[in-house]
Amino acid sequence: MAVIFLPRQARADFPTIEAAIQRARTQALVVSEAQAELGVARSQLTSARVSSLGNPYSEIQVDRPFTDGTQGRDVGREVQAMTWNYFPLDIAGQRGKRISEAERLIEWRTLGLVDARALAAGDVVAVYGELVVSWSRVDEASQGESTAREEAKYFQGRFEAKDTTLYEKSLAEAEIARWVQARTEAELRVVSARARFGQLTGIGDPDKPPANIGILPPPLRGVWDVAQIARVVDRAPVISRLLAEKTYWSASIERYEREKYPPVAFELIAGRGSLGEARFGAGAVITVPVTRRYQGEIARAESGVASAMQRLDLLRRVVTVRLHAAREALQSVTRALEELDKNGIPALERGVSSSLEGFRAGKIDLSRAMLARRDLATGRARRLDLVEAAWRAYAELALFNDGLP
């Protein structure tokens, strides 16, 4: 029988949150798409900078008479050749408006890239927290499973020695299954979070977080009062991007208001008349914008301005509400965690210890001791739920702050 040993892919070291944010700013798909849009916008500036003088073109006519218009007689072969040479020139400042519009588009796409990096940073902070918390869930469940297996062996020995009942032995064995299920669910959370973390950072298989990486979000760098939230809203990347979009559409209106005046084609005429004489002249071709004046393009730009203004007011309210909610959520979670760590979890641990002592002393039933342990496990799991909620709130602040808050 042939045995094939497949090489195991080496796992990458688990990064710090700062390193994860930096990688997400360059590796996330949303950032790549924003960079592509910025590249397209820059190429449009090259087109806008072309000369105000259009491509010259010529009209050439050669003719000769075949009959005398008055007597109907054949005439000679006198040939007349004429050329009309046109030089279209923008004289209404169209080139400057095209350049201005292209520059505003670049500014819009540049701020769009900033917004995309902020989105990636917010997403990776949330996933980072979920991954750290999910590994903690795995550790909690693995420790519970290990303890349950030891107790099952203990009751198996007592059952063989006829020192306990089948009921208590079965309870101990069922506890293993409960912890196996909890550990599997936690591992599935790790797999899901790791996949999304890899999509954002390019780290496909990060190792388990080391012990020096805390489970709680980093402390806030500011007070995050009403005044600070107002400042964050004003400079939030999503707000800046929308303001740049409005400016672009306004520049587009100005561009098409000028473009509706077509270039003036200056004309040079040269040729040979029917009598062999040289003929020269000059003129101009002027198009009057009566029926076609870029009505559709101007209407589209006006709609873009109106839409940006409407979304700007809406986004300001949305960002303000989300920042206030994230701040309040962090404050609530912080207070709850302080209470749990100071009183709640220690009380549950004391309950487990006393219930085990009571069971060994024969004062309480095994089911009551296991119920106390389940209460402790539930309390710890709910604590991790609160920590995960704190990471989500922290990610909200990071999203609109364009970096760690």
Side-chain angles (χ1 to χ4, degrees), residues 35-70 74-112 244-308:
Q35 288 174 334
E37 292 178 352
L38 178 58
V40 173
R42 286 173 175 165
S43 67
Q44 293 189 19
L45 182 60
T46 302
S47 176
R49 283 177 172 170
V50 298
S51 173
S52 297
L53 178 63
N55 292 326
Y57 59 96
S58 298
E59 178 184 354
I60 301 173
Q61 295 183 4
V62 179
D63 67 271
R64 59 172 294 244
F66 287 90
T67 60
D68 189 330
T70 59
D74 291 340
V75 296
R77 298 182 178 179
E78 295 84 357
V79 176
Q80 177 176 277
M82 300 294 294
T83 63
W84 285 262
N85 303 287
Y86 301 94
F87 301 89
L89 181 65
D90 293 328
I91 63 173
Q94 293 94 328
R95 180 175 181 270
K97 295 302 181 182
R98 287 195 296 266
I99 292 176
S100 178
E101 180 194 36
E103 290 174 344
R104 301 295 84 74
L105 179 61
I106 291 175
E107 292 176 1
W108 177 16
R109 297 309 186 192
T110 300
L111 290 172
E245 179 183 354
K246 171 183 173 294
T247 303
Y248 164 73
W249 289 120
S250 298
S252 184
I253 293 175
E254 296 178 1
R255 178 248 175 122
Y256 283 110
E257 287 290 349
R258 294 295 179 90
E259 290 281 9
K260 69 183 182 181
Y261 299 103
V264 174
F266 293 96
E267 181 181 14
L268 292 180
I269 305 171
R272 174 180 178 275
S274 59
L275 300 179
E277 77 281 10
R279 303 181 68 90
F280 299 95
V285 178
I286 301 175
T287 304
V288 180
V290 176
T291 58
R292 298 184 180 181
R293 302 187 303 275
Y294 289 101
Q295 297 95 323
E297 288 80 358
I298 293 174
R300 172 67 184 90
E302 290 174 345
S303 176
V305 171
S307 175

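When reading the values below, keep in mind they use all heavy atoms of this one structure, side chains included, and skip hydrogens, waters and symmetry mates. Here the structure is a predicted model, which is why all the values come from computation and not from measurement.
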Sidechain-backbone polar pair: R258 side chain, K97 backbone, donor-acceptor under 3.5 Å =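 A pair under 3.5 Å: no.
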inquiry  = Keeping E297 on the side-chain end and I253 on the backbone end, is there a donor-acceptor pair under 3.5 Å?
reply    =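 It does not hold such a pair.
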Considering all heavy atoms of both residues, which atom of [X] and which atom of [Y] are nearest to each other, and what is their separation?
X	Y	result
A270	F280	CB-CD2, 3.9 Å
Q295	R293	OE1-N, 2.9 Å
V40	S43	O-OG, 2.5 Å
R272	M82	N-SD, 3.9 Å
P88	N55	CD-O, 3.6 Å

task = On the 0 to 90° scale, with breaks at 30° and 60°, tag the Y57-Y86 ring pair as parallel, tilted or perpendicular.
result =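 Plane angle under 30°, so parallel.
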query = Is V79 close to V62 at the side-chain level, that is, under 4.5 Å between some pair of heavy atoms?
reply =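 Yes, side chains in contact.
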ask   = Taking C-beta and beyond as the side chain, do L89 and P263 meet within less than 4.5 Å on heavy atoms?
value =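 Result no, sub-4.5 Å side-chain heavy-atom pair not found.
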task = Please collect all salt bridge (Lys or Arg N to Asp or Glu O under 4.0 Å) contacts where either partner lies in residues 36-57, sequence neighbours excluded, each pair once.
result =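 Found E37-R109.
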ask   = Can we call the ring centroids of F87 and F266 under 6.0 Å apart?
value =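 Between F266 and F87, which both carry aromatic rings, the centre distance is not below 6.0 Å.
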Interatomic spacing from [atom1] in [X] to [atom2] in [Y] - rounded to 0.5 Å:
X	Y	atom1	atom2	answer
W84	I269	CH2	CD1	6.5 Å
I91	L53	CD1	CG	12.5 Å
S307	E302	OG	CD	13.5 Å

inquiry  = side chain to side chain contact (heavy atoms under 4.5 Å, CB included), that's the test. Do T83 and S58 meet it? Break it down for me.
reply    = CA-CA 7 Å; T83 63; S58 298; 5.7 Å; no
Please tabulate, one pair per line, all N/O donor-acceptor pairs under 3.5 Å involving side-chain atoms of residues 98-108, not counting sequence neighbours.
from, atom 1, to, atom 2, distance (Å)
R98, NH1, E259, OE2, 2.9
R98, NH2, D90, OD2, 3.3
S100, OG, R104, NH1, 3.2
E101, OE1, R255, NH1, 2.7
E101, OE2, S252, OG, 3.0
R104, NE, E107, OE1, 3.2
R104, NH1, S100, O, 3.4
R104, NH2, E107, OE2, 3.0

ask   = Are E277 and R279 within salt-bridge range, i.e. N to O under 4.0 Å?
value =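 Salt bridge flag = yes for R279 with E277.
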